[in-house]
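Below is one structure; the comments refer to it alone.
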Amino acid sequence: MRGAVYWEPNKPLTIEEFNMPRPKAGEVLIKTKACGVCHSDLHVMKGEIPFSSPCVVGHEITGEVVEHGALTDSKTIERLPVGSRVVGAFIMPCGNCSYCSKGHDDLCEAFFAYNRAKGTLYDGETRLFFRNSGKPAFMYSMGGLAEYCVVPANGVSVLPDSLPYTESAILGCAVFTAYGAMAHAAQVRPGDSVAVIGTGGVGSSCLQIARAFGASDIIAVDVRDEKLQKAKTFGATHTVNSAKEDPIEKILEITGGKGVDVAVEALGKPQTFAQCTQSVKDGGKAVMIGLAQAGSLGEVDINRLVRRKIQVIGSYGGRARQDLPKLIRLAETGIFNLGHAVSRTYTFDEAGKAFQDLNEGKIVGRAVIEII
């Protein structure tokens, strides 16, 4: 099979041939149909977030189950029979650690200790080996930007026939991350006011989720008018171009001087971190979901944090076993519009161009690479 490989910072991806990966117990082999184009991969490719290399990037996928690992339990095989259409979450819970046992799949110990720290699955081994040399390649999540990938079964949910493979790929990261932020970290309630700073793939998904949860004022903040215009189709009731006006002052103006109940930072920059914390009302929640360059620090006014009971909360993603089926249902019923969210598609051979366009700010919303 072929996979897109990251070798070293700021060098282009190359398409390489691999031996067919083999799943182990509790894992499924998926014939990949589509993979989203995400800033998290771009951070790795630019050397801003350290990760083992060479690795196959891509972590936002749909596909078809073609094989179960030996000794996989019968309930998993019954839930995900060969031939199933599926979507995979980028946080792939082991299902057994102390966090997973409490339902906190987003804090899975094995995922962070093995996949994020070492680029492997949970036996400490990769499933990817170059065809010409037999040498290993590491896996960013499942290494989804490839013709086949291996995913722990706990990170996979069935995709109904009514949902297309291409647009549905974003359910596994962009929408998954947004849902985790809005449902678990922010706990958005009907009537809440929400500001989203950064309206790319994840930020625009936050707007749709906020609308689905019944938020009242939904304020989109970005530096590009094109993105802000698109934000209105996602549910934004107000837009702020932070390159032209002070977003904090504007948010205070919109909310009658109080600030919002929830502000979400979806960029991962110190400047927008500060804007997020300063935009919330007394007792409000500032939720951080944007990844930054390794070592980046955000400043917060300590006295205001203490006196005004400001909550600063980090949120990496949703909880695969509980949340992914809910997101699929939101998309199936049209409450979350996948067609609006995906603005562009690329072929597998255009993967390098897709990430170049992302880096240059040419993608509004989310792009998806088709690997059919």
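Computed from a predicted model, the values in this text were never measured in an experiment. Quick note: residue numbers are just sequence positions, from 1.
Judged purely by distance below 3.5 Å, without hydrogens or angles, the side chains of E125 and T120 never pair a donor atom with an acceptor atom. In this model, a donor atom of one side chain and an acceptor atom of the other lie less than 3.5 Å apart for N359 and K46. Side-chain contact, H184 with D323: a donor N or O sits under 3.5 Å from an acceptor N or O. Between the side chains of N154 and D105, no donor-acceptor pair of N or O atoms lies under 3.5 Å. Side-chain contact annotation: T347 with E370, donor-acceptor N/O pair under 3.5 Å absent.
When every heavy atom of D222 is checked against every heavy atom of G200, the shortest pair comes out as OD2-N, 4.5 Å. Nearest heavy atom pair, residue A174 against residue V202, reads CA-CG2, 3.9 Å. Between F129 and G134 the shortest heavy-atom distance is CD2-O, 3.4 Å. Here the closest heavy-atom approach between residue N115 and residue M139 is recorded as ND2-O, 3.4 Å. When all heavy atoms of A274 and T277 are compared, the closest pair comes out as O-OG1, 3.0 Å. Nearest heavy-atom pair across S315 and I289 is O-CG2, 3.3 Å.
Side-chain heavy atoms closer than 4.5 Å link hydrophobic residues (I, L, V, M, F, W, Y) into clusters, and following such links, possibly through other members, connects Y179 to V196. If you chain together hydrophobic residues whose side chains sit under 4.5 Å apart, I197 and I254 fall into the same group. The hydrophobic clustering, which links ILVMFWY residues whose side-chain heavy atoms are closer than 4.5 Å, places I209 and L163 together. Hydrophobic clustering (ILVMFWY, side-chain heavy atoms < 4.5 Å, transitive): I15 and L13 are in one cluster. When the side chains of ILVMFWY residues are joined at heavy-atom separations under 4.5 Å, either directly or via intervening members, V260 and V312 end up in a single hydrophobic cluster.
For OH of Y99, the number of neighbouring non-hydrogen atoms (other residues, nucleotides, ligands) closer than 6.0 Å is 12 at most. A 6.0 Å sphere centred on CZ of R131 holds no more than 12 heavy atoms belonging to other residues, nucleotides or ligands. Around atom CD of Q187, more than 12 heavy atoms belonging to other residues, nucleotides or ligands sit under 6.0 Å away. No more than 12 heavy atoms of other residues, nucleotides or ligands lie within 6.0 Å of CD in E299, so this atom counts as exposed by the packing criterion. Environment of CZ in F348: crowded, with over 12 heavy atoms of neighbouring residues, nucleotides or ligands closer than 6.0 Å. Heavy atoms from other residues, nucleotides or ligands lying under 6.0 Å from NZ of K24 number more than 12.
Using a 4.0 Å cut-off between charged nitrogen and carboxylate oxygen, R344 and D357 count as a salt-bridge pair. Comment: R22 does not engage E27 in a salt bridge, judged by the lack of any side-chain N to carboxylate O separation of less than 4.0 angstrom. A salt bridge between D282 and R308 is present, with a side-chain N of the basic residue lying under 4.0 Å from a carboxylate O of the acidic one. Using a 4.0 Å cut-off between charged side-chain N and carboxylate O, R366 and E167 make no salt bridge. K75 and E78 are not joined by a salt bridge, as no carboxylate oxygen comes within less than 4.0 angstrom of a charged side-chain nitrogen. Under a 4.0 Å N-O distance rule, the pair K285/D261 does not qualify as a salt bridge. Salt bridge annotation for E64-K31: absent, with no cationic side-chain nitrogen under 4.0 angstrom from a carboxylate oxygen. Note on K353 versus E350: no salt bridge recorded, every NZ/NE/NH1/NH2 to OD/OE distance being 4.0 Å or above.
Between Y316 and F112, the distance from one ring center to the other falls under 6.0 angstrom. For F130 and F18, the ring centers sit closer than 6.0 Å to each other. Checked against a 6.0 Å centroid threshold, the rings of Y140 and F51 count as neighbours. A ring-centre distance under 6.0 Å is not found for F355 and Y346.
At least one side-chain heavy atom of L338 sits under 4.5 Å from a side-chain heavy atom of L171. Side-chain contact between E67 and V82 is absent, with no heavy atoms from C-beta onward closer than 4.5 Å. Residues K230 and S204 form no side-chain contact, since every pair of their non-hydrogen atoms from C-beta on lies 4.5 Å or further apart. Using a 4.5 Å cut-off on side-chain heavy atoms (C-beta onward), I219 and T239 make no contact.
At least one test fails for R116 against the ring of F111: distance under 6.0 Å to the centre or angle within 45° of the axis.
Summarising the geometry, atom CG belonging to L252 is positioned 11.5 Å from atom NZ belonging to K250; distances are rounded to the nearest 0.5 Å. Note that SG of C149 and CD1 of I61 are 4.0 Å apart. Values are rounded to the nearest 0.5 Å.
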(request) Evaluate the criterion side chain to side chain donor-acceptor pair (under 3.5 Å) for residue pair E265 and T272; output intermediate values, then yes/no. (result) CA-CA 7 Å; E265 198 282 347; T272 47; 2.5 Å; yes

